[in-house]
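Note: hydrogens, waters and symmetry copies are ignored here, and every other heavy atom, side chains too, is used.
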Amino acid sequence: MVRISTFGSTDLWDPSHRFQTSWLVSPWVLFGIRTLLALYAFATIFTNIGYECTHVSAGGCVAAANGFSFFTVLSYWGVAFYFAVASFHTFFYARYGRTLLDAWPRPLQFLHALLYSTVTTYPLLVTIVFWALLALPSTLATTFSAWGNISEHALNSAFALFEVIVPRTAPGNQPWIHLPFLLLGLALYLALAYITHATKGFYTYTFLDPGLQGSLVAAYVFGIAVGICILFALVKGAVALRRWITEDKLGKDGVFAHEGKYGATSGGIENGRVGKDAEGRHALVDMPV
């Protein structure tokens with residue numbers, strides 16, 4: 001059984017490589033898609049920085065630097081780095097039939113799973129809050145602003161849903177222990193927002209300004225905290241539903257690296273050391289390179 005919530009556990013880590021495989025496409029295709037999404041996310045980030053630095057009307061480099069105070073920007077950096085790291089591990093698995101994650105210390109394995117939980121929940125929260133509370137008539141006024149806002153406030157959720165639907169991740173890969181860390185991330189951002197106001201003189205989001213919102217600030221903060229709890233539960237449920245439909249009902253256990261050579265499937269006893277995956281199914285742990 002995969003126990004990614006316990007640092008000191010000796011249980012097996014993701015023995016059927018759910019993070020690097022899909023029920024729909026091969027590991028090589030999954031690697032290619034994740035690589036393209038990583039490149040797009042980084043291109044969006046650096047294009048926005050370059051545009052702001054070269055256009056005084058957009059705020060110049062000061063505005064680009066101030067961007068690191070916004071949750072949208074920070075979470076989009078997280079999306080970019082997740083897809084870069086995920087594509088690397090997917091490539092390694094596609095090429096060698098195993099992944100470096102298998103040998104990493106348990107805290108790093110936990111952090112990889114936690115990163116997956118952040119990129120499948122925070123972008124959804126960003127999209128909902130932006131279009132419900134923050135979007136202005138000027139949001140889509142120009143081609144560049146429309147592209148930037150759609151990339152960071154709409155496509156971010158599309159990327160998140162891709163990770164929910166396409167890979168073979170299971171509910172066990174997103175344990176409930178991740179939820180306190182998601183809330184901690186939001187709390188740390190709240191501290192950053194008020195540090196930004198104290199040091200730079202502006203509020204990153206108007207709903208955090210007590211001068212404008214008064215006591216409603218507490219309601220907004222509480223609502224967002226509740227929102228991330230609901231989103232995490234919904235994503236966890238969606239992952240469980242996808243796994244049930246694709247594996248239990250459709251019999252699509254997954255497309256594995258070197259499947260013809262090693263017969264690697266998520267169900268059934270394989271060659272080499274055998275463990276169990278997130279649903280308790282027997283799965284291959286060690287495969288020759």
Side-chain angles (χ1 to χ4, degrees), residues 2 4 12-42 79-104 108-120 158-174 235 238-240 242-279 281-289:
V2 177
I4 52 183
L12 304 176
W13 162 258
D14 193 20
S16 67
H17 302 290
R18 287 188 172 273
F19 284 108
Q20 291 81 42
T21 54
S22 168
W23 62 274
L24 183 62
V25 299
S26 72
W28 283 113
V29 173
L30 183 61
F31 156 70
I33 295 173
R34 282 173 163 171
T35 300
L36 289 175
L37 295 182
L39 291 173
Y40 182 87
F42 278 117
V79 168
F81 276 110
Y82 167 79
F83 278 106
V85 171
S87 65
F88 168 77
H89 288 299
T90 306
F91 167 80
F92 200 89
Y93 171 75
R95 176 66 179 83
Y96 299 108
R98 57 187 175 85
T99 174
L100 293 177
L101 275 170
D102 296 338
W104 280 11
L108 292 182
Q109 294 173 341
F110 175 85
L111 289 175
H112 182 80
L114 179 60
L115 182 59
Y116 175 83
S117 289
T118 64
V119 300
T120 54
F159 295 172
L161 292 176
F162 171 85
E163 284 295 313
V164 170
I165 296 170
V166 177
R168 292 178 54 252
T169 48
N173 299 129
Q174 289 182 290
V235 167
V239 169
R242 184 257 300 147
R243 193 213 62 79
W244 177 74
I245 292 174
T246 59
E247 297 182 25
D248 292 349
K249 293 301 180 181
L250 300 180
K252 294 182 177 294
D253 284 339
V255 184
F256 298 85
H258 313 301
E259 186 168 13
K261 183 176 180 181
Y262 301 122
T265 61
S266 65
I269 298 176
E270 315 292 341
N271 295 324
R273 186 160 58 89
V274 174
K276 292 184 178 181
D277 68 5
E279 287 71 50
R281 297 183 176 193
H282 288 90
L284 181 62
V285 178
D286 292 330
M287 288 188 290
V289 178

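Atoms CD and CG, on Gln109 and Asp102 in that order, are 7.5 Å from each other to the nearest 0.5 Å. Distance NE2/His17 to CZ/Arg168: 9.5 Å, rounded to 0.5 Å. Separating the CZ atom in Phe256 from the OG atom in Ser26 is a distance of 12.5 Å, to the nearest 0.5 Å.
The list of salt bridge (Lys or Arg N to Asp or Glu O under 4.0 Å) pairs with a residue in residues 81-93, not counting sequence neighbours, is empty.
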>> side chain to side chain contact (heavy atoms under 4.5 Å, CB included), that's the test. Do Phe31 and Tyr93 meet it? Break it down for me.
In response: CA-CA 9 Å; Phe31 156 70; Tyr93 171 75; over 6 Å; no
> Given Leu100 and Phe88, is the side chain to side chain contact (heavy atoms under 4.5 Å, CB included) satisfied, shown in steps?
Replying inline: CA-CA 10 Å; Leu100 293 177; Phe88 168 77; 3.6 Å; yes
> Hey, mind stepping through Trp244 and Lys249 against side chain to side chain contact (heavy atoms under 4.5 Å, CB included) and telling me if it holds?
Replying inline: CA-CA 6 Å; Trp244 177 74; Lys249 293 301 180 181; 2.9 Å; yes
>> Is there a side chain to side chain contact (heavy atoms under 4.5 Å, CB included) between Leu101 and Gln20? Walk through the geometry before answering.
In response: CA-CA 10 Å; Leu101 275 170; Gln20 291 81 42; 3.4 Å; yes
> Does the pair Arg243 and Asp248 meet the rule for a salt bridge (Lys or Arg N to Asp or Glu O under 4.0 Å), with working shown?
Replying inline: CA-CA 7 Å; Arg243 193 213 62 79; Asp248 292 349; 2.8 Å; yes
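Inspection of the Arg242 and Thr169 side chains reveals an N or O donor paired with an N or O acceptor under 3.5 Å. Judged purely by distance below 3.5 Å, without hydrogens or angles, the side chains of Thr90 and Arg34 pair a donor atom with an acceptor atom.
Between Val119 and Tyr82, the shortest heavy-atom contact is CG1-CB, 3.5 Å. Nearest heavy-atom pair across Asn173 and Asp14 is ND2-OD1, 4.3 Å. When all heavy atoms are compared, the tightest approach of Pro171 to Val239 is N-CG1, 3.7 Å. Closest heavy-atom contact between Thr21 and Ser16: OG1-O, 4.0 Å.
Taking the side chain to side chain contact (heavy atoms under 4.5 Å, CB included) definition, one finds that Leu108 meets it with Trp104, Pro105, Leu111, sequence neighbours left out. Residues satisfying the side chain to side chain contact (heavy atoms under 4.5 Å, CB included) criterion with Ile33, sequence neighbours excluded, are Val29, Leu37, Phe162. Residues passing the ring-ring contact (aromatic ring centres under 6.0 Å, His included) test with Tyr116 are Phe19, sequence neighbours excluded. Ser22 is linked by a side chain to side chain contact (heavy atoms under 4.5 Å, CB included) to Leu24, Val25, Leu30, Val166, counting only residues two or more places apart in sequence or in another chain. Judged as a side chain to side chain contact (heavy atoms under 4.5 Å, CB included), and not counting sequence neighbours, the contacts of Ala84 are Ala38, Phe42.
Checked by atom type and distance alone, the side chain of Arg95 never pairs as donor or acceptor with a backbone atom of Ala257 at under 3.5 Å. Remark: the backbone N or O of Gly251 is not paired with any side-chain donor or acceptor of Trp23 at under 3.5 angstrom.
Ring geometry for Phe92 against Tyr96 counts as tilted: the plane angle lies between 30° and 60°, on a 0 to 90° scale.
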